[in-house]
K.L.:
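Got a structure here, written out as structure tokens. Questions coming.
Both backbone and side-chain heavy atoms feed into the values below; hydrogens, waters and symmetry mates do not. We count ligands from 1, going down the list as the structure has it; atoms in each ligand are counted the same way. Predicted model, so just to flag it, every value in this text is computed and none were measured.
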Amino acid sequence: MAESIIQVKDLSVIYNEGQSNEVRALENITTEIFPQEYVIIHGPSGCGKSTLLYTIAGLQIPTHGEVVVNGKDIAQMKNGELVEFHRSGEGIIFQAFYLISSLNIIDNVCLPQIFQGENLKKRKEKGMLLLQRFGIAEQAYKFPSQLSGGQKQRVAIARALVNNPQIILADEPVGNLGSKSAQNFLGLIKELNEIDKKTIIMVTHNGEHLYYADRVINMRDGRIVNEEVNKEKRPVEAVKLAREIIEESGNWINVTDDFKMLMKMFKGLNPQQVGALLIPFKAKQLLFHVLSELSEEQASSAENFLKELLFKNIDLATFEKNLDLPFEEGGANWNKRRSKSLALRIKSILDQVQQIGGNPDEAAVSLAEYLIKYFGLNFSEKGKLIFVSLLELRLENKTDYNGLRKILDAPPEAGGMGLYKNTAERIVREIEVIMLLKYSV
Ligand code: ADP
């Protein structure tokens, strides 16, 4: 018998807990979703459907209980796992489309692939195939405001699919569509389930849609009142869907290409403006790079402070102080020692970012000195010179992340620097983060 891919166990979500405006949105919800099922969550407005969906999506933190997807408790996922989960574990379609109005359609579809590591051309090809599939290829270079609601929702479905997630979540996806567009759209979702074998979880308050689903979970006042099975899909024959959400490493961002893509996407913006657009990614990347072993809440509030720091809304001293403050006082609930050590680490990276702004020779020398010191590298004089020239190649984008990593790792007799694999990996990551931050900081 196939195992379920999502287990919701005794889940409660309480908004504003302990305050006068407390809302118990979900109370002790337990259910399972099986591979390739099409499940509809149904109930009147305000009964907690969206809260349940967003908790399954990892966008809402449970107050009690847990949500396990593909064998992993979302709340326990490490930062990198969570990012990967958001990126390609589940695709989400919202009622309000959430298309970026300043991006054309193809770029909107390709957006989730940023930092996916594939080149721009391949990404666009993938995006175009999806637009063709949904009959909107002709709209590729138009902007969202030029499309009808039905067309926009097809763009949203293409975007949800672009990283090929196993699970598609949809929150009242036809709520804003006329009845004909709604029927068409629901047909497409059904096709994703039957042909593409995607697991679908859709929220609706509209009873007319229920027959599309294999199973309907009826909710009221934050609880499941019953489940109706239209088509039994639970014991799917030996479907091995507990696939790894995270592909082993090799999944690091490709700074230069992504920056170029953003420049293209956001025509009319200068590099500084595009750099600013990247700040949320920078904050995340920088944080993941320097940390591990934090609770999700500690990490996400630290990430917010880091964003503030990169936007220059706060200085380093405030950043350090905020990390240390308890949650109740609006801080990230770290301790003094840890806050200080992160602030110092960030400072040394940001200092280095300043250093590499100028001419590539000097930048490479300064970067080499920094890396030698930070990683305690033991090079001969000749080794140092080679290291500097390799860094210069990377800074000028004449080699990429992988190219540099391979040379650092390769033994000297094969023309490499003979570093341990692990050290080579950490060095190139450090460089990529510094290069990423260089744009605009
Ligand atoms: P549904 O999707 O069934 O309409 P929701 O999950 O959106 O229901 O909301 C469930 C309950 O939680 C409602 O009473 C709603 O007002 C409340 N609620 C939803 N989001 C929040 C929030 N961010 N803060 C406080 N209350 C919320």
K.L.:
Is there a salt bridge (charged side-chain N to carboxylate O under 4.0 Å, His left out) between E125 and K121? Walk through the geometry before answering.
P.N.:
CA-CA 6 Å; E125 278 170 11; K121 193 160 158 265; 3.7 Å; yes
K.L.:
Does E425 pair with K421 as a salt bridge, N-O distance under 4.0 Å?
P.N.:
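Judged by the 4.0 Å cut-off on N to carboxylate O distance, E425 and K421 do not form a salt bridge.
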K.L.:
As an exercise, state the distance from CG of L99 to CZ of F143, rounded to the nearest 0.5 Å.
P.N.:
12.5 Å
K.L.:
Decide if atom CD of E191 counts as having more than 12 heavy atoms of other residues, nucleotides or ligands within a radius under 6.0 Å.
P.N.:
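Above 12, so yes.
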K.L.:
For a quick check: using heavy atoms under 4.0 Å, what are the residues in contact with ligand 1, sorted by chain and number?
P.N.:
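Around ligand 1, where the cutoff is 4.0 Å for heavy atoms, the contacting residues are Y15, N16, V23, A25, P44, S45, G46, C47, G48, K49, S50, T51.
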K.L.:
Is it true that R338 and D324 make a salt bridge, defined as a side-chain N closer than 4.0 Å to a carboxylate O?
P.N.:
no
K.L.:
Taking K9 as the fixed residue, which of H64, E66, E32 is the one that meets the side-chain hydrogen bond (donor to acceptor under 3.5 Å, both in side chains) rule?
P.N.:
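So the option named by the test is E66.
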